[in-house]
Every structure is written in C-alpha cells, then in structure tokens.
2 protein chains.
Amino acid sequence: MKTYSISEVAEYFDMTPHTLRYYDKEGLMPFIERTSSGKRVFKESDMEALKVIECLKSSGMPIKEIKHFIEWCSEGDSTLQQRYDMFLERKASVEAQMEELKKTMEVIEHKCLYYKTALDSGTEDVPLIRNGLSKYSKGGAD
Amino acid sequence: MKTYSISEVAEYFDMTPHTLRYYDKEGLMPFIERTSSGKRVFKESDMEALKVIECLKSSGMPIKEIKHFIEWCSEGDSTLQQRYDMFLERKASVEAQMEELKKTMEVIEHKCLYYKTALDSGTEDVPLIRNGLSKYSKGGAD
DNA sequence: TCTTGACTTAGAGTTAACTTTAAGTAATAA
DNA sequence: TTATTACTTAAAGTTAACTCTAAGTCAAGA
C-alpha cells in the first residue's frame, strides 16, 4: 500500500510539516500511524480525511470544532445525525459567506467604475457626477 | 447637518464603540471631528467612508492596508491610479474567494448527500455504495 | 565514522483584530 | 447634589492559527 511521509503530505496540501504536526497535536489526526522510530506514516485514507479537514477549514470552521467531528467519526454510526447536522450547518454558513461576498463585490465593482471615470477625467472633483462629499467618501454614496 | 455619536454609529454598523475607537487609533478615521470636550462627531460623509472601510474589511483586506487607502484618499488626485489598482486587486481577491467557496460547497453538498444516505440505512457501512475506507475518510473518496 | 537532512518532542513566540481594564472626565436625570 | 451614563485615554490581555526554537534521534551517503 502506498504511503506518504509528512513532508510529501505537506507539499501536496501546500502546508509545512510543522502545520501537520500542529493539527495532529490538536487532535485532528488521531488515525495517523507511526513507524517503529516514531515517524508519521500517511496512508491513502489519511489523505482523504485531510481533504475533508481542509474543506471544513475553508468553510470557516475552527480547528476545535473540526476535532469534534473527527471524534464523532471514530464513534461510529451513533453520531451519524450529529455529523449530518454539522454539514447542513456548514452549508448554510458557506451560503451566507457567498451572499456577503456578493454584496462586497457589488461595492467594489462600483468603486472600480468610479475610479476609472475619475482617472479618465484626471480628477475626482467631477461636479456633474457627484459633489458635496468629503475626499474620503467620494464614490461611496450611490 | 445630521451627526451621530460613537454609540449610534457602533449600533448602525453592528460593532462596539471600542472597536470604532480602535479603528480611529489605527488611522482608519483621520477625518472624524471632535466636540470641544473631545468627543467624536460622525457626519453623514463619515458614515459613507465607514461603509467603504467595512467593504474592504469583508473583502479580506487587513486594517494596515486599509489605512494606506485612507491616506491615499487624503492625498488627492495624485493617488487615483493607486486607488484604482487597489480596487482591481480587491476584485480579483474576492473572485478567488468566491471560487474557493464554490469548491468547498461542492464537497459539503456531497457530504450532506452521503450522510443522508447513511442515516436512511442507519449505518455508514454500506458495501454497495463504498468500502475499503477508514472510519475517518468515508464519504470523501468520490 | 562522520556529516547531512529529515524527522521527533515540548514549549515559547508571533500576528491580526479585537477586547478588556484602569483611571478619569463631562453631561444629564432624579 | 448625587448618581448614572456615555464618553475619554493608554495599555495590557485574549484568541486562533500558526510559526519558530531548542534539544535531540535516526538513516543514508562520502
């Protein structure tokens, strides 16, 4: 069976071996086996588990909560409902983040247009477009 | 002209007066005026500027960089290009974050389906669907 | 055999963005 | 007049997620 060293795994997931050890210490990887000399040996299934951990991380889940999920996993079928509920929550959270980013994007695109116009005319002080605003808020009112 | 106290502004932006003072201290609000007794007085234009600051924050921009933008604003037309470039960069960053969230969402939705199926059959151990994976990575392989 | 590089551990340090504390001032309500 | 509330400042503390340091082990190549 193909196995991976900590640095191979780190490279694959674009992190440092330090970070992987930190995750292990925080209880995210209780399933990693060791060599007789104590080195971590990563199996294919460990890589799959890490992908799920990465997914939960990029959904904004804190490491301590990911740890709870990992614990549920090792408790078996009795925690299926918790795990399902957790992923439903994650889904709602990611949807909310997407919604917020969308609103942010609208403001930013408006600003891009504003500055493009200002650059074309060489100045922000374009009374025909907008006036009465301070230097700081120009372009933020409509 | 309508003005606002620090706690009114805090309530409007769903933060504490503490946080607003912190932003001020970090140089994000050099335009806020004070009463003779030293209290901050927020004008309508300050509210607009704060909306832009909030937008930059939710795009993931660190406070120190937002401060640079605020400095550029007070330097006038000579910094128009920098500010335009900055918003183009923000746009690209938000687009990348949206892309990442989309990928995360796909994994999460897959997991929701996986756990729904598992709950229906009362167990994760469904050889017809998937086998050969550890307790930790089940549902993460396809 | 010696050196090099990758690994191990425990624990301290870093960074961002708050968040709280301490000590005090000013205006307003009872 | 006294108490309350909102405000002020400077500075220390908190939290998450690393990130680094120190001290040491182990296997492979010159």
Side-chain angles (χ1 to χ4, degrees), chain A residues 3-43 46-47 49-70 90 93 97 100 104, chain B residues 2-43 46-47 50-70 90 93 97 100 104:
Chain A
T3 59
Y4 306 87
S5 74
I6 197 169
S7 48
E8 285 170 327
V9 177
E11 187 174 9
Y12 181 86
F13 285 100
D14 195 29
M15 46 173 78
T16 66
H18 270 307
T19 306
L20 280 168
R21 285 184 210 114
Y22 164 71
Y23 286 175
D24 197 6
K25 204 185 77 185
E26 295 300 308
L28 262 48
M29 288 143 55
F31 41 79
I32 303 295
E33 286 169 18
R34 305 286 185 116
T35 65
S36 55
S37 59
K39 291 182 185 173
R40 289 170 186 81
V41 179
F42 292 76
K43 303 184 294 294
D46 300 333
M47 300 293 269
L50 266 170
K51 280 179 197 169
V52 177
I53 288 170
E54 281 289 275
C55 164
L56 291 174
K57 268 212 317 152
S58 39
S59 84
M61 198 171 188
I63 280 174
K64 276 180 187 171
E65 283 177 44
I66 300 177
K67 184 191 169 174
H68 292 146
F69 167 69
I70 295 293
R90 281 299 94 204
S93 166
Q97 289 175 60
E100 162 125 44
T104 302
Chain B
K2 175 109 181 83
T3 59
Y4 306 87
S5 73
I6 197 169
S7 49
E8 284 171 327
V9 177
E11 188 175 7
Y12 181 86
F13 285 102
D14 196 29
M15 47 174 77
T16 66
H18 271 307
T19 306
L20 280 168
R21 286 184 209 113
Y22 164 72
Y23 286 175
D24 196 5
K25 204 187 76 185
E26 294 301 309
L28 261 48
M29 289 142 55
F31 41 79
I32 304 294
E33 287 168 16
R34 305 285 185 117
T35 65
S36 56
S37 59
K39 290 183 185 174
R40 290 170 186 81
V41 179
F42 293 76
K43 302 183 294 296
D46 300 334
M47 300 292 270
L50 265 169
K51 280 179 197 168
V52 177
I53 288 170
E54 281 290 274
C55 164
L56 291 174
K57 267 212 319 153
S58 41
S59 83
M61 199 171 188
I63 281 174
K64 277 180 187 169
E65 282 176 43
I66 299 178
K67 184 191 170 175
H68 291 147
F69 166 69
I70 295 293
R90 281 299 94 204
S93 166
Q97 289 174 60
E100 162 124 43
T104 302

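Numbers restart at 1 for each chain; the letters A, B, ... are given by sequence-line order, proteins then strands. The model shown is predicted, which means the values in this text are computed figures rather than measured ones.
Note: CD (B:E26) to P (D:dA11) measures 14 Å, nearest angstrom. Here the P atom of nucleotide C:dT9 and the CD1 atom of A:I32 are 12 Å apart, to the nearest Å. Put simply, OH on B:Y22 is 6 Å from C1' on C:dA16, counting in whole angstrom units. Following rounding to the nearest Å, A:K64 (NZ) and D:dC18 (P) show an atom-to-atom distance of 14 Å. A straight line from NZ of B:K25 to C1' of C:dT20 spans 12 Å, rounded to a whole angstrom. Nucleotide C:dT15 holds its P atom 15 Å from the CD atom of B:E65, rounded to whole Å. Taking atom NZ on B:K57 and atom P on C:dA16, their separation rounds to 15 Å, with Å as the unit. If you measure from atom NZ of B:K67 to atom C1' of C:dA17, you get 15 Å, rounded to the nearest angstrom.
Residues from residues 5-20 of chain A that place a heavy atom under 4.0 Å from any atom of DNA chain D, listed by number: A:H18, A:T19.
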Stepwise side-chain contact (heavy atoms from CB on, under 4.5 Å) test for B:R34 and B:K39: CA-CA 5 Å; B:R34 305 285 185 117; B:K39 290 183 185 174; over 6 Å; no
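Environment of CD in B:E8: crowded, with over 12 heavy atoms of neighbouring residues, nucleotides or ligands closer than 6.0 Å. Surrounding CD of A:E26 are more than 12 heavy atoms belonging to other residues, nucleotides or ligands, all under 6.0 Å away.
When the local axes at the two ends of the helix from C:dT1-D:dA30 to C:dA30-D:dT1 are compared, using 5 base pairs at each end, they differ in direction by 10° after rounding to 10°.
A:R21 comes within 4.0 angstrom of a nucleotide base, judged by non-hydrogen atoms across all strands.
If B:M61 and B:K39 are placed on DNA chain C by their nearest nucleotide, the residue sitting closer to the 5' end is B:M61.
At a threshold of 4.5 Å between non-hydrogen side-chain atoms, the residues B:K43 and B:F31 do not count as touching.
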Under 3.5 Å, which donor-acceptor pairs do the side chains of residues 54-64 of chain B form with other protein atoms, sequence neighbours left out?
unit_1: B:K57; atom_1: NZ; unit_2: B:Y23; atom_2: OH; d: 2.6
unit_1: B:S58; atom_1: OG; unit_2: A:T104; atom_2: OG1; d: 3.3
unit_1: B:S58; atom_1: OG; unit_2: B:E54; atom_2: O; d: 2.9
unit_1: B:S58; atom_1: OG; unit_2: B:C55; atom_2: O; d: 3.2
unit_1: B:S59; atom_1: OG; unit_2: B:L56; atom_2: O; d: 2.7
unit_1: B:S59; atom_1: OG; unit_2: B:R90; atom_2: NH1; d: 3.0

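No option in B:I66, B:L20, B:L50 other than B:I66 meets the side-chain contact (heavy atoms from CB on, under 4.5 Å) test with B:L28.
Using modelled atom types, one finds a donor on one side chain and an acceptor on the other under 3.5 Å when comparing B:S93 with B:Q97.
The side chain of A:R34 places no N or O atom within less than 4.0 Å of a non-bridging phosphate oxygen (OP1 or OP2) of D:dC26. In this structure, A:R40 does not reach the C:dC7 phosphate: none of its side-chain N or O atoms is under 4.0 Å from OP1 or OP2.
Judged by distance alone, with hydrogens and angles left aside, the side-chain atoms of B:D24 form no donor-acceptor pair with the main-chain N or O of B:R21 at under 3.5 Å.
In this structure, the separation between OH on A:Y12 and CZ on A:F42 is 14.0 Å, given to the nearest 0.5 Å.
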